[in-house]
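What follows is a short report on a single structure.
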2 protein chains.
Amino acid sequence: MLKHLSFTSSNKKMISQAEENYLKAIYKINEREGKSANTNAISAAMNTTAASVTDMLKRLADKDFIHYEKYKGVTLTTEGSRTATALVRKHRIWEVFLCDKLGYSWDECHDLAEQLEHIQSPDLIDRLDTFLGKPKFDPHGDPIPDRDGNYAKRQQVRLDEMLIGDRGVMVGVHEHSSAFLQHLDRVGLVLAVQVEVLEVFDFDKSVKIRLNGLQELLISNKVSENVFIKIA
Amino acid sequence: MLKHLSFTSSNKKMISQAEENYLKAIYKINEREGKSANTNAISAAMNTTAASVTDMLKRLADKDFIHYEKYKGVTLTTEGSRTATALVRKHRIWEVFLCDKLGYSWDECHDLAEQLEHIQSPDLIDRLDTFLGKPKFDPHGDPIPDRDGNYAKRQQVRLDEMLIGDRGVMVGVHEHSSAFLQHLDRVGLVLAVQVEVLEVFDFDKSVKIRLNGLQELLISNKVSENVFIKIA
DNA sequence: ATTTTTTTTTAGACAAGTCTAAAAATTGTT
DNA sequence: AACAATTTTTAGACTTGTCTAAAAAAAAAT
Ligand SMILES: [Mn+2]
Ligand SMILES: [Mn+2]
Ligand SMILES: [Mn+2]
Ligand SMILES: [Mn+2]
């Protein structure tokens, strides 16, 4: 297998789906933690053993995708970072396609995008991007990097950080699980909805909010700390 | 690798991309030759060695996708046939998407569809089918099987079998190479064009035809024997 | 009916990606 | 500083999918 992963006539490095997935995991850990990714964190993210991760880190270092020193954790090289960002771009554009064109909901599109992001093509994703109207954000509100890997960083706060009287618009989620997204659907806390904080209860950190100037809603801290709001 | 190919909680057999590709190759050989596919034919179609094919045939037989007896060639089981047809369905629907929605030409779409056909999803392809308006034929004129694997067999003749005065509409191609399809584009022999046979030259079996009642065109036998016409 | 040629299978090897169990290094705690 | 706990790496094994070289079987030719 993987015959197609050897070098082609061009000198562009071939990369397997497994390698791509590890790079993406490292990228996300680096972003989230703000520091180098250690072996256990990667194995947790990839659902593999630490031993498997060590094997893979050697391969990725050989191919110059990561900076790796034994026992020191890893960061991405420029090339590794470029590859990971391209993967995130593909993932999010496919998610837009699935939701906008095929009617999938925001809690369904992720798993399919995990497969589609590995399609190799010099320009498929750019054509798809054009077809979709060059969206800037995916169905979860996450920004879509452009071809150069740049994306707008939105200024946003977590709903649990808002004070009484604050107003804003929901622009994203931290947690991405199906269960959480379905719950948000059920209570009406979806992207682009207007949010105004009416009360904050110190006891359990729950908050009473008003949606679109209409219905009032009490939400738990577990929800509010996973919802991003752009303050008006 | 291939951790995701082990059994999931359901009892549905997991199948790798390599296995799918072999099944498709066997299916096409069975169809084209009208008999069991032998090892060399499969290795030629798959660009692998005969030894690799033998290895794979054992695996596919173990999984009950093919009927295999040493030295006797192989045919698909009901399950193998169902899988191969589903793959062809996915391939052709993706080709329609690439050409109709993303602007790829009929000589570009095949390679990308070779990747996209392996996306695993219970209903993605049906949603895509609906999104595209449930097309009956792909960009090469090949019929698209429905979910049950059935497709309309069109009654058609090769252009080189037509007689002087015969008229019809171009509905397909036998050869699918990029070079051939690009040539057809250049001379104007594309799907749905009207064709009338004006002269047949015995010497080299070339034919003079009229396209859409307008321009006349002389085409070689190498072209005419690869073009399918539905007689008016 | 032999002999020759072609096809197919076997034998043995390899890379990718995974695992478990054990060893080594690092970090935390008394 | 020494001991204990945690993290990471190594060692060895397994599966999938591929290869080359050699053996075996089938088909074709004499
Ligand atoms: Mn996602
Ligand atoms: Mn997303
Ligand atoms: Mn095709
Ligand atoms: Mn086609």
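Letters go in sequence order (proteins before strands), and every chain restarts at 1.
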Residue His174(A) excluded, over 12 heavy atoms near NE2 under 6.0 Å: no
Would you be so kind as to tabulate the donor-acceptor pairs closer than 3.5 Å made by side chains of residues 125-133 of chain B, with sequence neighbours excluded?
| from | atom 1 | to | atom 2 | distance (Å) |
| --- | --- | --- | --- | --- |
| Asp126(B) | OD1 | Arg89(B) | NH2 | 2.7 |
| Arg127(B) | NE | Asp123(B) | OD2 | 3.1 |
| Arg127(B) | NH1 | Leu102(A) | O | 3.0 |
| Arg127(B) | NH1 | Gly103(A) | O | 3.0 |
| Thr130(B) | OG1 | Asp126(B) | O | 3.1 |
| Thr130(B) | OG1 | Lys134(B) | NZ | 3.4 |

Short side-chain N/O contact from [X] to OP1 or OP2 of [N], under 4.0 Å:
X	N	answer
Ser52(A)	dC19(C)	yes
Arg59(A)	dA16(C)	no
Tyr22(B)	dT16(D)	no
Thr48(A)	dT18(C)	no

Whole Å only: how far is the [atom1] atom of [X] from the [atom2] atom of [N]?
X	N	atom1	atom2	result
Leu60(B)	dG17(D)	CG	C1'	12 Å
Met46(A)	dT18(C)	CE	C1'	11 Å
Met14(B)	dT15(D)	CE	C1'	16 Å
Ile66(A)	dT8(D)	CD1	C1'	14 Å
Glu19(B)	dT15(D)	CD	C1'	12 Å
Asn21(A)	dG17(C)	CG	P	11 Å

Base versus backbone protein contacts along nucleotides 5-12 of chain C [heavy-atom cut-off under 4.0 Å; B, S, -]: --SSBB--
Going by side-chain contact (heavy atoms from CB on, under 4.5 Å), name the residues that satisfy it together with [X], two or more places apart in sequence or in a different chain.
X	answer
Asp185(B)	Trp106(B), Asp107(B), Val190(B)
Asn150(A)	Asp146(A), Asp148(A)
Arg82(A)	Glu79(A)

N/O donor-acceptor pairs under 3.5 Å from side chains in residues 25-40 of chain A, not counting sequence neighbours:
| from | atom 1 | to | atom 2 | distance (Å) |
| --- | --- | --- | --- | --- |
| Asn30(A) | ND2 | Lys35(A) | O | 3.0 |
| Asn38(A) | OD1 | Ala41(A) | N | 3.2 |

Watson-Crick and G-U pairing of DNA chain C written in dot-bracket, each distance under 3.5 angstrom, with | for inter-strand partners: ||||||||||||||||||||||||||||||
Pairing residues for His140(B) by the side-chain hydrogen bond (donor to acceptor under 3.5 Å, both in side chains) criterion, not counting sequence neighbours: Glu95(B)
Criterion salt bridge (charged side-chain N to carboxylate O under 4.0 Å, His left out) on Lys63(A) and Glu19(A), from CA distance to verdict: CA-CA 10 Å; Lys63(A) 293 189 176 183; Glu19(A) 288 167 337; 2.9 Å; yes
Pairs flagged by ring pair (Phe, Tyr, Trp, His ring centres under 6.0 Å) wherever residues 38-93 of chain A is involved - sequence neighbours left out: His91(A)-His110(A)
